[in-house]
Amino acid sequence: MDEQFDVVIVGAGPAGCAIAARLVDARPEWTIALIESGPAKPGRMSRIPLGLAVLVPRRSKYNYAYETVPQPGLGGRRGYQPRGRGVGGSSLINAMIYVRGQPEDYDGWAAAGCSGWGWDDVLPLFRRAEDNARGADAWHGGDGPLAVSDLREFAGITDAFLEAAVQAGHVANPDFNGATQEGVGRYQVFQRAGVRIDAGTAYLSRPRPNLTIVAETQVDRLVIEQGEVRGVVVTHLRRSRTIHARKEVIVSAGAFGSPQLLMLSGIGPATHLRDHGIAVLADRPDVGGNLQDHLDHVTSLKLKAPGAFGMTLPLIARAIRSHGVFKRDGRGMLTTNIAEAGGFLRSDGTRARPDIQLHFCVGIVDDHSRKMHFTSGVSLHACVLRPASRGTVRLASTNAADAPLIDPAFLSAPGDLDLLVRGVRLVRDILAAPAMKRLGGRELYPNDGSEAAIVRSIRATADTIYHPVGTCRMGADTAAVVDPVLRVRGIGRLRVADASIMPTLVSGNTQAPTAMIGEKAADLILGDGR
């Protein structure tokens, strides 16, 4: 059975959901298909913010749970890459943190030739998408689809971290998305009344007659005829069919899925495609290149303090008791996103803007919580915001359901290691400040704080903080995969719109910027009026 729609969107992450919602509302005469390999509705555990502790560490129908190829910079270890699956994408399983990055990130895109993507261009899109519980102002929106709020309850240990960070010489910042990003403070989150609001719920909870959500369906390849995309071939319950697009196809399958689909369809590095027996329709060497991610090091403390979580019988019993309060009032310990606070810091005084991000977690996070410790504690993460290392995504097979080969090439640029060492030193200074020191915590993996010891710890334990981008790079140069209006060079009626189009990684968490890209893409499509 074949089907026809005006626009076909592949992938229902934050960008795909934003595009679908904006197009169906602006063009009720258009029919839109949104195709997603995962479930149409979020699971019960996804609605519970603390449920991320269960969703992130293991493969499920909501989590691809990818692994990288062995990383020489990390001692040959394979990294872990959890990615959300279902309508909402990674917003179903992430820590819900609302951060946009720094104005200089977007001005840098514009300066490199991506006109229309400077800070003054994208700020109105961020505001349009946002429904901030604090209200609208020059920096924030108050009536958009994305629910943004303060956590309803904070652990007492979070206040101790913030006090310690100020004692260590850092300024307090009540709004990382306001006039300045620098400082330490509490994160705002994608929640409403204590419940996670994923991108699917935010954008698509209201039914529209001209939108068809095609869930639990794998897109195998693009249908390309005479240099133009005419639709997609999909598989559902082992049956294959074609879904046709009268106007265009938008690929929003993420930093791993989007380049994978392009390559499976004959768009990518010619030699690599031929090695897999794929006919080359467009030799685009940069497809799957330019992979950037935030490499993160975690320092964990074992300690007993108000609000410190852990796998202990009293805390497990408390969590069980809290379920009724959460279900009735949206309150209690289940509303935490675990990473309750953090900061954006300069690694040294010579830096013009923050280049290190911190996440303070109210529990021990060891190997993405895949290693359990039967004690309470806290963790303080540090990542390099703008890494110089560049990796790749490549095909492992010609089966779209197989995981691609993911190589972030962590620490392949030597300067990244130097910056991360400085970030870890900032972490150690904060944890040694009086407000944290008086709690008497012990390091989970003690070291003497020397540079050699920190480097060993980074190589032995560091991994992603879940922000892969850049693999379908946008640019004005002819080598870029997409142009500044997101059209794939060399193939007609095809755009890519998700985190993969970022020329460079933004300075912070990526859900809000990815939704912004979806908002921008919808405007571009509507402006073309095709």
Side-chain angles (χ1 to χ4, degrees), residues 11-14 16-17 20-21 34 36-66 80 82-98 131 133 145-153 155 187-207 213-217 237 254 309-313 315-340 361-363 365 368-370 372 466 511 515:
C17 290
L34 178 61
E36 168 56 43
S37 66
K41 300 293 183 183
R44 181 174 59 182
M45 194 60 67
S46 178
R47 307 293 281 171
I48 302 171
L50 186 56
L52 70 91
V54 175
L55 293 167
V56 168
R58 56 186 58 82
R59 183 178 175 83
S60 71
K61 64 181 180 180
Y62 295 104
N63 184 1
Y64 285 104
Y66 291 138
Y80 180 56
R83 304 309 299 162
R85 190 166 181 238
V87 175
S90 290
S91 71
L92 294 165
I93 67 171
N94 66 10
M96 296 156 275
I97 294 172
Y98 182 75
D131 178 17
L146 295 176
V148 177
S149 67
D150 299 297
L151 285 171
R152 283 191 147 190
E153 299 179 29
Y187 285 120
Q188 284 201 294
V189 292
F190 291 100
Q191 290 186 18
R192 180 180 288 118
V195 175
R196 176 198 292 270
I197 303 298
D198 63 87
T201 300
Y203 279 104
L204 303 175
S205 57
R206 176 170 58 83
I213 296 176
V214 186
E216 300 186 49
T217 298
L237 298 177
F309 284 24
M311 289 296 291
T312 65
L313 288 176
L315 280 166
I316 292 171
R318 182 181 158 210
I320 293 171
R321 292 194 303 270
S322 294
H323 186 262
V325 176
F326 172 79
K327 193 171 181 180
R328 184 180 65 248
D329 301 324
R331 296 194 175 276
M333 66 181 292
L334 300 186
T335 63
T336 184
N337 71 328
I338 301 178
E340 294 187 351
C361 295
V362 294
V365 180
H368 312 273
S369 295
R370 297 188 295 177
M372 302 305 300
Y466 322 124
Q511 181 180 338

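Since the structure is predicted, the reported quantities are computational estimates derived from the model, not experimental observations. Just so you know, these numbers use all the heavy atoms, side chains as well, and skip hydrogens, waters and symmetry mates. Throughout, residue positions are numbered sequentially from 1 according to the sequence presented.
- The backbone N or O of Ala215 lies less than 3.5 Å from a partner atom in the side chain of Thr217, making a donor-acceptor pair.
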- Task: In sequence, state the C-alpha distance, the side-chain angles, and the governing distance for His323 and Ile48, and then conclude on side-chain contact (heavy atoms from CB on, under 4.5 Å).
- Result: CA-CA 9 Å; His323 186 262; Ile48 302 171; 4.2 Å; yes
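- Leu50 is listed as a side-chain neighbour of Phe309, based on a closest heavy-atom distance under 4.5 Å.
- Between the OG atom in Ser149 and the CG atom in Asp131 there is a gap of 9.5 Å [rounded to 0.5 Å].
- With hydrogens and angles left out, the side-chain atoms of Arg47 and Thr201 include a donor and acceptor closer than 3.5 Å.
- Remark: side-chain polar atoms of Asn337 are paired, donor with acceptor, to backbone N or O of Ala95 under 3.5 angstrom.
- The backbone N or O of Gly43 lies less than 3.5 Å from a partner atom in the side chain of Tyr62, making a donor-acceptor pair.
- Ring geometry for Tyr466 versus His368: interplanar angle of 30 to 60°, hence tilted.
- Ala515 and Tyr203 make their closest contact through CB-OH, 4.3 Å (heavy atoms, listed as atom of the first residue, atom of the second, distance).
- The side-chain heavy atoms of Arg196 and Ser46, taken from C-beta on, include a pair separated by under 4.5 Å.
- Counting only N and O atoms by type, the side chains of Ser37 and Tyr64 include a donor and acceptor under 3.5 Å apart.
- Under the rule for a salt bridge (charged side-chain N to carboxylate O under 4.0 Å, His left out), Arg58 has no partner lying at least two apart in sequence or in another chain.
- Side chain of Asp329 to backbone of Arg331: no donor-acceptor contact under 3.5 angstrom is found.
- Distance check, rounded to the nearest 0.5 Å: CG of Asp198 to NZ of Lys41 gives 10.0 Å.
- Under the 3.5 Å distance criterion, the side-chain polar atoms of Glu36 are matched with a main-chain donor or acceptor of Gly86.
- No side-chain heavy atom of Val56 sits under 4.5 Å from any side-chain heavy atom of Arg370.
- The two residues Pro145 and Ala202 make their nearest non-hydrogen contact at O-CB, 3.3 Å.
- Distance CD/Glu340 to OH/Tyr187: 12.0 Å, rounded to 0.5 Å.
- Interatomic distance, Arg192 CZ to Leu146 CG, rounded to the nearest 0.5 Å: 9.5 Å.
- A donor-acceptor contact closer than 3.5 angstrom is absent between the side chains of Arg83 and Asn94.
- Here the side chains of Met96 and Leu52 are in contact, with some heavy-atom distance below 4.5 Å.
- Ser60 OG to Ile93 CD1: the interatomic distance, rounded to the nearest 0.5 Å, is 7.5 Å.
- The closest donor-acceptor contact from the side chain of Ser91 to the backbone of Gly88 lies under 3.5 Å.
- A 4.5 Å side-chain heavy-atom check between Leu34 and Leu204 finds at least one atom pair inside the cut-off.
- Annotation: side chain of Lys61 is in contact with side chain of Pro39 (closest heavy-atom distance under 4.5 Å).
- The backbone N or O of Tyr98 lies less than 3.5 Å from no partner atom in the side chain of Gln188, so there is not a single donor-acceptor pair.
- Side-chain atoms of Gln191 come within 3.5 Å of backbone atoms of Thr335 as a donor-acceptor pair (strictly under, hydrogens ignored).
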- Task: Go through the steps to decide whether Ile213 and Val87 satisfy the test side-chain contact (heavy atoms from CB on, under 4.5 Å), and finish with yes or no.
- Result: CA-CA 9 Å; Ile213 296 176; Val87 175; 3.9 Å; yes
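- Not a single donor-acceptor pair under 3.5 Å links the side chain of Asn63 to the backbone N or O of Gly84.
- Taking 4.5 Å as the limit, some side-chain heavy atom of Phe326 sits within range of a side-chain heavy atom of Pro49.
- Shortest non-hydrogen contact noted between Val362 and Ala155 is CG1-CB, 3.8 Å.
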